[in-house]
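Just so you know, these numbers use all the heavy atoms, side chains as well, and skip hydrogens, waters and symmetry mates. No experiment lies behind these values; they were computed from the predicted model shown.
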Amino acid sequence: LLAEFVSDSASWWTLFGYTAKSLALKSFWFGFATAAIGVIAYLYYLPRLTGTALVAAAVIATAVLPFLLPGMHERFFILADVLAFLYAYLRPSRDSIIAAVLMQVASALPVAAWAFSFQHGEVCAPFFALGSLLIFWQEIGRSSAVAMTVNQPVARAGVTEASPAE
């Protein structure tokens with residue numbers, strides 16, 4: 001059974017276990033290695049993030065670990081669901097709302113597949129989670145770009161600053 005291996009969560013291990021279960025069982029170390037690399041990268045970039053980019057990074061951090069680690073259950077995505085909703089509430093835009101909805105669907109789909117006995121319904125969930133993660137990654141880029149332009153001096157046409165010699 002697939003559920004014995006991946007617990008039907010919105011993880012890439014769901015797809016991996018569905019397509020190549022014996023190889024996936026031998027490759028658990030890869031999930032731990034990629035999660036460790038992700039944590040190191042997150043800790044490296046975390047001090048540079050501020051404001052809404054920090055909230056988007058929190059969504060990514062809470063969603064990417066259960067996405068990368070093997071054997072995660074759908075309940076491990078609940079913090080990512082809550083943070084994605086809060087991000088969409090704090091910064092309402094088309095992309096933030098779509099990302100929050102995708103994260104909610106990614107978490108709810110495996111539960112619905114189990115509750116209503118949808119055959120292989122949980123296999124779609126990782127695609128929703130990945131789409132949400134990519135949108136939040138773009139949100140970090142946008143927030144960082146806005147923060148960088150806010151800190152830059154603005155040159156106004158026709159306005160000259162007085163030189164110290166005058």
>> Test of understanding: clusters of I, L, V, M, F, W, Y form through side-chain heavy atoms closer than 4.5 Å, transitively. Do Leu130 and Phe136 belong to the same one?
In response: yes
> For the atom pair CE (Met103) and CG (Asp81), what is the distance rounded to the nearest 0.5 Å?
Replying inline: 7.0 Å
>> Let me confirm one number: the OG-CZ distance from Ser107 to Phe76, rounded to the nearest 0.5 Å.
In response: 12.5 Å
> Where is the tightest heavy-atom contact between Ala106 and Ala129, given as atom of each residue plus distance?
Replying inline: CB-N, 3.5 Å
> Hey, is the main chain of Val59 close enough, under 3.5 Å, to the side chain of Thr62 for a donor-acceptor pair?
Replying inline: yes
>> Show the nearest heavy-atom pair for residues Ser96 and Ala88, with the distance to one decimal.
In response: O-CB, 3.6 Å
>> If hydrophobic clusters are built from ILVMFWY residues whose side chains come within less than 4.5 Å, do Leu83 and Leu54 share one?
In response: yes
>> List the residues meeting ring-ring contact (aromatic ring centres under 6.0 Å, His included) with Phe77, not counting sequence neighbours, and say none if there are none.
In response: none
> How close do Gly131 and Leu102 get, heavy atom to heavy atom, and via which atoms?
Replying inline: C-CD1, 3.9 Å
> Are Ile97 and Val105 connected in a single hydrophobic cluster, I mean Ile/Leu/Val/Met/Phe/Trp/Tyr linked by side-chain heavy atoms less than 4.5 Å apart?
Replying inline: yes
>> If you count every heavy atom of other residues, nucleotides or ligands that lies below 6.0 Å from Phe128 atom CZ, does the total exceed 12?
In response: no
> Rounded to the nearest 0.5 Å, how far does CG of Leu134 lie from CD1 of Ile60?
Replying inline: 9.0 Å
> In terms of side-chain heavy atoms, does Arg91 have a donor or acceptor partner in Thr52 at a distance below 3.5 Å?
Replying inline: yes
> What about Val64 and Tyr87, same hydrophobic cluster or not, with Ile/Leu/Val/Met/Phe/Trp/Tyr joined at side-chain heavy-atom distances under 4.5 Å?
Replying inline: yes
> Taking the six-membered ring for Trp, are Phe85 and Tyr89 parallel (under 30°), tilted (30 to 60°) or perpendicular (over 60°)?
Replying inline: parallel
>> Please find the pair of heavy atoms, one from Cys124 and one from Leu109, that lie closest to each other, and give the distance.
In response: CB-CD2, 3.6 Å
>> Taking Trp137 as the starting point, is it possible to reach Phe67 by hopping between hydrophobic residues whose side chains are less than 4.5 Å apart?
In response: yes
